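Okay, structure first, notes after.
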Amino acid sequence: MIWITTMTDWAGVSRNLVTALELSKPPVAVTFSDTAPTDASAPSSAVPAGCSFWALGTSAALATEAKHHQHCSIGVHTHNLTGAPPSQSRELETALGAMQGLDYVRPEEVVALPVMKRTYRYVDYRPLREASGQPSVVLLFASAAQGLIITEALSRVDGATPMVMGRPACALIPQVSNSGSAASSLGCCGARAYIDMLSDDIGLWALPGDKLETYASEITTLANANTMLRQFHQSRRRAIESGESPSIEETLATLS
């Protein structure tokens with residue numbers, strides 16, 4: 001018997017997501033590994049926080065290690081990266097101490113933070129269209145209207161309404177990787193300070209890579225359905241506000 005292995009067309013999946021959702025930024029593939037990717041470059045300069053790589057990953061393939069996340073002790077912690085500098089644990093303790101002093105987080109909340117189940121040396125960030133293998137997690141930057149479609153699609157695939165998370169935004173990645181189910185994040189004040197494209201009207205979504213094709217298919221279906229239903233509701237509003245009383249059938253007849 002001959003087994004035929006098919007390769008996923010990640011560029012096609014990315015294109016379908018961008019088209020269906022009308023995304024302004026491309027999906028970002030995040031991949032954890034213990035070996036350095038051969039088709040990605042190390043960052044040329046330090047970044048203020050690990051989440052900065054989400055934005056950089058929309059246009060470049062970057063292979064990062066703990067040293068590239070050195071200014072983000074919380075991100076190194078949630079991503080469980082090996083090779084962190086000796087100062088990381090002290091920086092983490094100081095950061096959490098300051099946050100607890102503001103009552104921003106409490107000890108029991110820190111303990112409950114999602115952390116990658118196992119350690120990794122590298123985290124690769126790149127546009128999904130350039131992925132050469134299955135990503136660990138794929139990030140989408142989406143508005144509330146786009147998030148509506150995403151929620152409907154993810155609920156259909158996962159059988160439950162996706163979790164919505166808050167601070168820290170970087171905890172979204174281990175949450176999705178560990179659970180195998182998609183989730184969204186409202187971000188955190190840090191991520192919104194470091195990532196310009198994470199504006200007040202944009203939220204973050206993370207989808208496990210092994211379900212991405214199924215998610216993308218449902219997103220396309222529901223995006224088309226939402227377009228038609230939006231036209232339906234807009235037509236009914238215009239008719240009713242002008243004094244008419246159309247039946248459902250009459251409204252349906254007006255749709256193109």
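Just so you know, these numbers use all the heavy atoms, side chains as well, and skip hydrogens, waters and symmetry mates. Here the structure is a predicted model, which means the values were calculated and not measured.
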query: Among all residues two or more places apart in sequence or in another chain, which pass the salt bridge (charged side-chain N to carboxylate O under 4.0 Å, His left out) test with Glu130?
result: none
task: Starting at OG of Ser177, measure out to CG of Asn80 and round the result to the nearest 0.5 Å.
output: 11.0 Å
- prompt: At what distance, to the nearest 0.5 angstrom, does CG of Leu172 lie from CE of Met163?
  reply: 10.0 Å
query: With Glu108, which residues qualify under salt bridge (charged side-chain N to carboxylate O under 4.0 Å, His left out), at least two apart?
result: none
task: Kindly indicate whether the side chain of Pro114, heavy atoms from C-beta on, has any atom under 4.5 Å from the side chain of Met165.
output: yes
field: salt bridge (charged side-chain N to carboxylate O under 4.0 Å, His left out) involving Arg15 - partner list, sequence neighbours excluded
entry: none
Separation of Arg236 CZ from Ser247 OG (nearest 0.5 Å): 7.5 Å
- prompt: How far does CG of Asp201 sit from CG of Leu198, to the nearest 0.5 angstrom?
  reply: 9.5 Å
Determine all donor-acceptor pairs shorter than 3.5 Å in which one atom belongs to a side chain in residues 41-58; sequence neighbours excluded.
{"residue": "Ser52", "atom": "OG", "partner": "Ala49", "partner atom": "O", "Å": "3.0"}
{"residue": "Thr58", "atom": "OG1", "partner": "Ala55", "partner atom": "O", "Å": "2.7"}

task: Provide the closest heavy-atom pair for Pro127 versus Ala61 in the form atom of the first, atom of the second, distance.
output: CD-N, 4.5 Å
- prompt: Under a 4.5 Å cut-off applied to non-hydrogen side-chain atoms, are Met197 and Ile202 in contact?
  reply: no
query: Who else is in the cluster with Val115 when I, L, V, M, F, W and Y are joined by side-chain contacts under 4.5 Å?
result: none
- prompt: What heavy-atom pair brings Ser185 and Gly166 nearest, and what distance separates the two atoms?
  reply: OG-O, 3.9 Å
message: Less than 4.5 Å apart, side chain to side chain, heavy atoms only: is that true for His68 and Leu62?
response: no
field: Heavy-atom side-chain proximity of Ser155 to Pro162 below 4.5 angstrom
entry: yes
query: Which distance, rounded to the nearest 0.5 Å, do you find between the CG of Leu139 and the NZ of Lys25?
result: 14.5 Å
query: From Arg230 CZ over to Leu148 CG, what is the distance, rounded to the nearest 0.5 angstrom?
result: 9.5 Å
- request: State, with a plain yes or no, whether a side-chain heavy atom of Ser136 is found less than 4.5 Å away from one of Val30.
  value: no
message: Side chains of Gln146 and Ser143: any donor to acceptor distance under 3.5 Å?
response: yes
- prompt: For Ala223 and Ala20, which heavy atoms make the closest approach, and how far apart are they?
  reply: CB-O, 3.4 Å
field: Flag side-chain contact, heavy atom, 4.5 Å: Lys211 against Asp158
entry: yes
task: Run through the side-chain heavy atoms of Ile, Leu, Val, Met, Phe, Trp and Tyr, join any pair under 4.5 Å, and report what else lands in Leu128's cluster.
output: Trp10, Val13, Leu17, Val18, Leu21, Leu23, Val138, Leu140, Ile149, Ile150, Leu154, Val157, Trp205, Leu207, Leu212, Tyr215, Ile219, Leu222
Pairs touching residues 113-129 that satisfy side chain to side chain donor-acceptor pair (under 3.5 Å), sequence neighbours left out: Asp34-Arg118, Asp39-Arg126, Glu65-Arg121, Asp124-Arg126
- line: Arg238 meets the side-chain contact (heavy atoms from CB on, under 4.5 Å) criterion, sequence neighbours left out, with Gln234, Ser235
- prompt: Tracing side-chain links under 4.5 Å among I, L, V, M, F, W and Y, which residues wind up in one group with Leu186?
  reply: Val164
- prompt: Is there a path from Ile173 to Ile74 through hydrophobic residues (I, L, V, M, F, W, Y) whose side chains come within less than 4.5 Å of each other?
  reply: no
- request: Please list, chain by chain and in numerical order, all residues satisfying side-chain contact (heavy atoms from CB on, under 4.5 Å) with Ala98, sequence neighbours excluded.
  value: none
task: Report whether Met228 and Ile248 are members of the same hydrophobic cluster (ILVMFWY, side-chain heavy atoms less than 4.5 Å apart, transitive linking).
output: yes
- prompt: Between the main-chain N or O of Val123 and the side-chain N or O of Thr64, is there a donor-acceptor pair closer than 3.5 Å?
  reply: yes
message: I need the minimum non-hydrogen distance between Pro208 and Ser181, along with the two atoms involved.
response: CD-C, 4.0 Å
Within residues 162-176 or reaching into it, pairs that qualify as side chain to side chain donor-acceptor pair (under 3.5 Å) - sequence neighbours excluded: Glu109-Arg167
field: Within residues 131-165 or reaching into it, pairs that qualify as ring-ring contact (aromatic ring centres under 6.0 Å, His included) - sequence neighbours excluded
entry: none
